[in-house]
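Encoded as structure tokens, the structure appears first; notes follow it.
Start at 1 and go down the list; that is how both ligands and their atoms are numbered. Given the structure is predicted, the values throughout are model-derived calculations rather than measurements.
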Amino acid sequence: MDHFLYRDGALHAEDVPVSDIAKAVGTPFYVYSTATLLRHFHLFDDALDGLDHLVCYAMKAASNQAILKTLAQAGAGMDVVSGGEYRRAKAAGVPGDRIVFSGVGKTAAEIRLALEGGIRQFNVESEPEMEVLNATAVAMGKVAPITIRVNPDVDAKTHAKIATGKSENKFGIPIARAREVYALAASLPGLEVIGIDVHIGSQLTDLAPFELAYQKVAELTGVLRADGHTIRRLDLGGGLGIPYARDNQAPPLPVDYGALVKRTLGHLGCEIEIEPGRLIAGNAGLMVSEVIYLKSGEGRDFLIIDGAMNDLIRPAMYEAYHDIIPVTEPAPGVEQVKYDIVGPVCESGDTFAKQRMMPPVAAGALVAFRSAGAYGAVMSSEYNSRPLIPEVLVNKDQFAVIRRRPTFDEMINRDTIPEWL
Ligand SMILES: *Cc1c(COP(=O)(O)O)cnc(C)c1O
């Protein structure tokens with residue numbers, strides 16, 4: 001459920017007409033709903049009610065300071081995957097003891113940054129990383145709390161580019177080697193083993209792969225405890241999918257996921273951490289764009305819009321589907337037409353949808369991409385020298401620009417010309 005609905009014939013973000021925002025900031029732009037962000041955070045938080053737990057928002061999904069602050073004020077921790085994200089989380093006021101550091105390639109500098117600023121735990125993904133973390137912590141006179149990310153070799157049944165829990169993926173250590181790697185960790189004076197981490201992929205539309213993975217984690221908890229390790233925290237990753245196409249069957253709800261966590265792991269007496277990203281931010285954001293031209297081709301009509309693959313790369317990168325709807329509500333019973341919906345970038349991959357049925361729109365009309373809040377703005381670039389598009393946050397009847405569109409001069413002047421030219 002989200003808070004982008006037609007009201008009096010016009011698409012609204014909460015109580016604000018989307019066309020008002022377009023007038024104020026120009027197109028294209030992203031707009032997020034505070035109510036939807038908070039609703040999704042609370043769905044997860046409530047689903048784990050009764051367990052000692054922390055919901056750590058995977059901020060790589062959408063990392064604007066205003067979004068982080070909104071969620072942090074509601075009680076969310078943060079899952080970060082780079083020094084930049086760590087700095088963003090701190091800048092938004094998130095205390096170090098609510099920040100979890102994930103990722104396969106943490107550098108010594110990033111590790112130092114987090115040890116200095118405070119960290120809830122590092123989710124360690126390899127033995128070489130463990131050695132660097134240990135050496136860095138010892139040199140700083142600190143002890144780093146860690147979980148080790150295990151790869152349970154479970155097929156998440158999602159797009160290949162976002163599956164992370166198969167043995168062929170670069171993530172974690174094979175679960176079969178866990179005892180050996182935990183023994184190494186326990187021998188290193190700069191590390192304190194506190195638990196286990198697992199994250200099998202993103203946009204999962206079925207609970208079965210989670211269940212398989214969590215059963216393996218439960219079993220491993222017993223084995224590692226018998227080996228003498230303290231396992232008091234389980235980080236279960238993120239990955240629950242969202243309905244991108246409204247007529248498709250909806251993925252499982254957070255409440256069902258929470259029940260699964262309780263059923264498979266609730267008896268272990270561990271603190272539970274989860275790291276949802278997409279399900280918190282995905283349906284909390286739209287990308288809004290204006291139709292530039294309607295171009296008739298050989299047997300097909302192209303809707304050429306001012307948003308492009310550099311602004312929203314998911315269709316080009318993951319063959320992702322987004323609902324695309326007119327901002328002015330179509331008349332009831334209007335006959336749908338078929339468009340190829342494309343951006344202006346000079347790549348055939350700059351295609352958002354092929355042969356898409358939707359209500360007819362004309363040049364100058366606004367269209368909204370639904371479910372664009374996660375992995376949207378954060379993955380944008382300035383390809384084709386198109387400045388990054390603005391982000392706007394709505395809260396009831398108010399809206400604010402939370403990242404403005406850079407000027408062309410700002411974009412160009414980031415380059416510097418060598419003296420010899
Ligand atoms: C990307 C990622 C997440 C979030 O995944 P979603 O599908 O957005 O919920 C959580 N944990 C880790 C380690 C990740 O890399």
Yes or no: does Ala61 have any heavy atom under 4.0 Å from an atom of ligand 1? no

For atom 10 (C) of ligand 1, the closest protein heavy atom turns out to be Glu275 O, 3.2 Å

From Lys60, Met59, Glu273, Glu125 - option closest to atom 3 (C) of ligand 1 by heavy atom: Lys60

Do the non-hydrogen side-chain atoms of Val342 and Phe352 ever get within less than 4.5 Å of each other? no

Atoms of ligand 1 close to Ala58 [distance to a heavy atom under 4.0 angstrom, numbered from 1]: 3 (C), 4 (C), 10 (C)

Ligand 1 to Gly239 polar contact by distance, N or O atoms, under 3.5 Å: yes

Report yes if the side chains of Lys338 and Asp301 come closer than 4.5 Å at any heavy-atom pair, otherwise no. no

Run the ring-centre check on Tyr244 versus His322 and record whether the distance is less than 6.0 Å. yes

Between Glu85 and Arg88, does any side-chain N to carboxylate O distance fall below 4.0 Å? no

In this structure, does ligand 1 have an atom that sits under 4.0 Å from one of the heavy atoms of Tyr375? yes

Can Arg356 be said to sit on top of Tyr321's aromatic six-ring, NZ or CZ under 6.0 Å from centre and within 45° of the ring axis? yes

Distance under 4.0 Å to a non-hydrogen atom of Pro276: what atoms of ligand 1 satisfy this? 9 (O)

For ligand 1, which is the ligand I care about here, please tell me if Leu240 has any N or O atom under 3.5 Å from one of the ligand's N or O atoms. no

Looking at ligand 1, is there an atom of it that comes within less than 4.0 Å of some heavy atom belonging to Leu279? no

Minimum heavy-atom separation for Asp311 to Pro28, with atom names? OD2-CG, 4.0 Å

Of all protein heavy atoms, the one nearest atom 7 (O) of ligand 1 is Ser202 OG, 2.2 Å

List every atom of ligand 1 that sits less than 4.0 Å from any heavy atom of Arg278, numbering the atoms from 1 in the order shown and giving each element. 6 (P), 8 (O), 9 (O)

Test ring pair (Phe, Tyr, Trp, His ring centres under 6.0 Å) on Phe210 and Tyr257; report intermediate values, then the result. CA-CA 9 Å; Phe210 286 116; Tyr257 172 82; 5.2 Å; yes

Quick one: does ligand 1 sit under 4.0 Å from the side chain of Val81, the backbone, both or neither, non-hydrogen atoms only? neither

Fit a plane to each ring of Phe122 and Phe101, take the angle between them on a 0 to 90° scale, and name the class: parallel (under 30°), tilted (30 to 60°) or perpendicular (over 60°). parallel

